[in-house]
Amino acid sequence: MAHSYDPHTIEAKWQARWAAENVFAAREDLGKRKSYLLVEFPYPSGAGLHVGHVRSYSAMDAIARKRRREGQEVLYPMGWDAFGLPTENYAIKTGRPPQEITQENIATFRRQLQSLGLSFDWNREINTTDPSYYRWTQWIFIQLFKRGLAYKAKGWINWCPSCKIGLANEEVVDGGCERCGAPVEKKEREQWMLRITAYAQRLYDDLDTVDYIERAKVGQRNWIGPSKGAIIPFALAGEEGEGKEVVEVFTTRADTLFGVTFLVLAPEHPAVERLLSSLSNRDEVDDYVKAALKKKDFERTAEGKEKTGILLKGIIALHPATKDPLPVFVADYVLPHYGTGAVMGVPAHDERDGEFAQRYHLPIKQVVRPHDGSVASLPFAQDGVLVNSGQFDGMTSEEARKAIMDAVGGREHTTYRLRDWVFSRQRYWGEPIPMVYCERCGWQPLPEESLPLELPELKEYQPTEEGDSPLARLEEWVRTTCPACGGPARRETDVMPNWAGSSWYYLRYTDPYNNEALASSEKLAYWMPVDWYNGGMEHTTLHLLYSRFWHKFLYDIGVVPTQEPYARRTSQGLILAADGSKMSKSKGNTVNPDEVVEQYGADTLRAYEMFMGPFDQPVAWSINGLVGIRRFLERVWSLLERVEERQPSQEALTLMHRTIKKVSEDIEAMKFNTAIAALMEYTNALMKEASIPKTALAALFSLLEPFAPHIAHEGWERLAGKGALLCKEPWPQWDPAVLQEGEVTVAVQINGKTRATVSVAAGSTEEDIHKAALAHPRVAQALAQQNIQRVVVVPGRVVNFVVRERQ
RNA sequence: GCCGGGGUGGCGGAAUGGCAGACGCAGAGGACUUAAAAUCCUUGGGGCCCACAAGCCCGUGCGGGUUCGAGUCCCGCCCCCGGCACCA
């Protein structure tokens, strides 16, 4: 064979040409339909590109390439989410500046991505650690602050003693640090918080307006976790009956109010501290509260853990309806940050309260019975009909909830599991928070025109022993003047979490060099929203929620034109190691894309990852599968040797159009595996021909371009003439008329079992098909001894004889 | 416990309620070769029958059901993966 398939030469050639002619640059062409296709920008770690990145990027690349050729204006950009802990930890270890490490890693990632021939518009490359980028991240923070959505608060935070870093609730996994796994402790600290809870309901409701993979929607709904109920006041009194204060509880079951036999406060509840002095067992209570606060979150919340609590002696609560005195407890199973941090104990109708009541021998009073009148085993947690509830007896739970709430001065309330976002990190490698503290003026934002507040260079990156950012050591940087009064002031030394830069990056791609705004309103109006966003499942809760929150805020202040950032979200499945386990650096079972490209070529790697299995399912890596794709490309290549100027046969033409249809539809449906299978079938059919009609082969290269763009371009050029550029060619169209022509095979069934097939002209009538089936010798023979009861004909598909044996 | 996704050959997987197993991998047989690799051709769910040709039975996690016809729809279960989980 004179010219064997040599991917390296071909791939280098076409990558150079695409770059030189800037063919993938996105333009704002108002006359064209736009398509903003987004993939998650990578964190440029020292480990280099992962085959999982390749799966996501190749998939969207296929869609981008196809849509461009269909005449759409496509924006398919790439950038770097480069702030973050691994780089900082590496800097601590080696003493090298994170800036330098990041630059190196980015260079590696860029080279790797470019070696794959992905059709990114590299003119729009962005980097979250670039001051010209994070200037706008800081700007957004200031806008949040100005509108009361960023605030400093003292509170118990999740603290990782190993990373010496405060963690957002979301970063705690099974009670451990998301990054290092160390058990998370509680620590009291002043932190910047973002009031995402102010957007909870909108973030929840607007999920109905977007097209996300169901798992992602469910994840967000669970995370926001709205719960509708009532807030009900309980008055507290001393044992002599003198009033103390009012504690509000949150309940979704106001209908069970008459079943309340005790009250429970979270150890953190502010009333506990206020009441302490009037308790006869104050020392005991104090000890319990202190012990509870010391406990790690997962120790406190582990299910199945026995519920403990302590009675507040010297205090009672008054039942709001009956005025009966009720004991008041402090118990750590009540969470401080949910509802009001206080619950009414209804042991007959709540699992947890029941358990608690049993342990402390508290009365259990049933006030709801099942609708069907049966005897319920307690606790009975479902709705039913009220009993033992005075004037409310006989009402359904549903009716009673409102009636009782109104009767005792309660009010409707929705509470959320979602908590405000801890936005401070006591670290270096993040966006500096652009705030200063003045004794006289309090927290003041930097003037917007002074942004960016650049990260100063350091000699040492280790956080301080107290857990402060290493920036705290730079006294000359920390000391500054107040933007409001000009007096002495101190800078915030915490930096932002690495969710910050990724919460708005898709906006910057639309206008990456803008110095006046994060992006111009014209560019945003043209490109937003992102039409299709693909990324990993691991980011569908937090990253999506955070960026939706920022986006809605930016919408509210008139910066962006849409309520939602992403119209559609899909997720690729994980790529597993050959043995089905997770790939990880520590297990040493990762696959390096560079080696695969070196050995098999980028086209093989890309097409293989699209072929290996359904896109949204996890699949194990397989060298054999990779080899299979390489063989397929070799076969496609070999067809060039037998090409001839001639008309394809009717059969070949039909298959060609069928393949065009299949590949076109499958790409949009992300059924890449079956699209490639169709291309294989088409190739196999051409292989059998003595000579290959030029148009038939040209169509093959054309359809192959989204998956294996280099070989497709080379093949196309060889057929079309020197200089031809496939990615500028229109996407092939199928002709429905061609698909109609020819013969179709119809299955002949007897009692639903296939006994034969017959070939009939496409578009044959039911009668013709019926006759053709009867004419088949085997069918005739099989029906000889039978009475035909009924015949079902589905044109183009099947004919079914329903028979009974002749007596 | 709740939610989401799955269960089909030796393996990855395919199949608008209409010929189950496309396509790929592994395997078997053959051609080419001194030989091997590569490549090409044939075969390829299990079983029965069989010189051959053909034919028959069983088969999509399990049990029912709907239908002329079910991997696909309905009811009841089992198992695997992922997420959430003392949220009042």
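What you see is a predicted model; the values in this text were computed from it and never measured. What's counted below: heavy atoms across the whole structure, side chains too, no hydrogens, waters or symmetry copies. Numbered from 1 within each chain, the chains take letters A, B, ... in sequence-line order.
Although no hydrogens or angles enter the test, the distance criterion places no donor-acceptor pair under 3.5 Å between the side chain of A:Tyr360 and the main chain of A:Thr308.
Heavy-atom nearest nucleotides on RNA chain B were determined for A:Lys582 and for A:Gly339, and the one closer to the 5' end corresponds to A:Lys582.
When the side-chain nitrogen and oxygen atoms of A:Arg755 are compared with OP1 and OP2 of B:rC57, one or more of them lie within a distance under 4.0 Å. In this model, the phosphate group of B:rC84 is not approached by any side-chain N or O of A:Arg417 to a distance below 4.0 Å at OP1 or OP2. Distances shown here put a side-chain N or O of A:Asn673 below 4.0 Å from the OP1 or OP2 atom of B:rA14.
A distance of about 8 Å separates the P atoms of B:rG61 and B:rU72, rounded to the whole Å. Nucleotides B:rC75 and B:rC84 place their C1' atoms 28 Å apart, quoted to the nearest Å. B:rC49 sits 26 Å from B:rG10 when the C1' atoms are compared, rounded to a whole Å. Look at the P atom in both B:rU8 and B:rA22: the space between them is 16 Å, to the nearest Å.
For the pair A:Phe615 CZ and B:rG13 P, the interatomic distance rounds to 15 Å; values are reported in whole Å. If you take CG of A:Asp666 and C1' of B:rC23, they are 12 Å apart, rounded to a whole angstrom. A:Leu576 has its CG atom 14 Å from the C1' atom of B:rC80, to the nearest Å. The distance from atom NE2 of A:His337 to atom P of B:rA88 is 13 Å, rounded to the nearest whole Å. Separating the CD1 atom of A:Ile750 from the P atom of B:rC56 is a distance of 9 Å, rounded to the nearest angstrom. Put simply, CE on A:Met612 is 15 Å from P on B:rC25, counting in whole angstrom units.
At a threshold of 4.0 angstrom between heavy atoms, the contacts of A:Arg215 are confined to the sugar-phosphate backbone, with no base atom among them. Nucleic acid contact class of A:Asn684 (heavy atoms, under 4.0 Å, all strands): sugar-phosphate only. A:Thr745 comes within 4.0 angstrom of a base, heavy atoms only. Contacts of A:Glu351 with the nucleic acid, taken as non-hydrogen atoms under 4.0 Å apart, are absent. A:Phe611 comes within 4.0 angstrom of a base, heavy atoms only. Across all strands shown, A:Glu681 has heavy atoms under 4.0 Å from sugar-phosphate atoms exclusively, and none from any base.
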Watson-Crick and G-U pairing of RNA chain B, under 3.5 Å, as dot-bracket with | and [ ]: (((((((..(((.....[....))).(((((.......))))).((((......))))..(((((..]....))))))))))))....

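The nucleotide whose nearest atom lies closest to any side-chain atom of A:Tyr338 is, among B:rC19, B:rG13, B:rA88, B:rA88. Looking at the side chain of A:Pro614, the nearest of the listed nucleotides B:rA14, B:rA88, B:rA15 is B:rA14. The A:Val619 side chain lies nearest to B:rG13 when the options are B:rA88, B:rC19, B:rG13. For A:Met680, the listed nucleotide lying nearest its side chain is B:rG24; candidates were B:rC19, B:rC68, B:rG24. Here the side chain of A:Asp350 is nearest to one of B:rA88, B:rG4, B:rC19, namely B:rA88. The side chain of A:Thr674 lies closest to B:rA22 when the candidates are B:rC86, B:rA88, B:rA22. Which of B:rC40, B:rC84, B:rA88 sits closest to the side chain of A:Leu335 comes down to B:rA88.
Both tests pass for A:Lys307 against the ring of A:Tyr333: distance under 6.0 Å to the centre and angle within 45° of the axis.
Note on ring orientation: taking the six-membered ring where Trp is involved, the planes of A:Trp499 and A:Tyr546 are perpendicular (angle over 60°, cut-offs 30° and 60°). Aromatic ring pairs are classed by plane angle as parallel below 30°, tilted from 30° to 60° and perpendicular above 60°; the pair A:Tyr338 and A:Phe250 is perpendicular.
Taking syn as a glycosidic angle within 90° of 0, B:rG55 does not qualify and is anti.
Looking at A:Gln617, its side chain has no donor and acceptor atom pair within 3.5 Å of the base of B:rG5. Contact of A:Arg635 with B:rU39 (side chain to base): no donor-acceptor pair of N or O atoms is detected under 3.5 Å.
Shortest non-hydrogen contact noted between A:Ala59 and A:Phe672 is CB-CE1, 3.6 Å.
Listed by residue number, the members of residues 622-633 of chain A with any heavy atom below 4.0 angstrom from RNA chain B are A:Asn624, A:Gly628, A:Arg631.
Comment: A:Asp208 does not engage A:Lys217 in a salt bridge, judged by the lack of any side-chain N to carboxylate O separation of less than 4.0 angstrom. With respect to A:Arg359 and A:Glu355, no salt bridge is recorded, no charged nitrogen being found less than 4.0 Å from a carboxylate O.
With 3.5 Å as the limit, one finds no donor-acceptor pair spanning the side chains of A:Tyr5 and A:Ser638.
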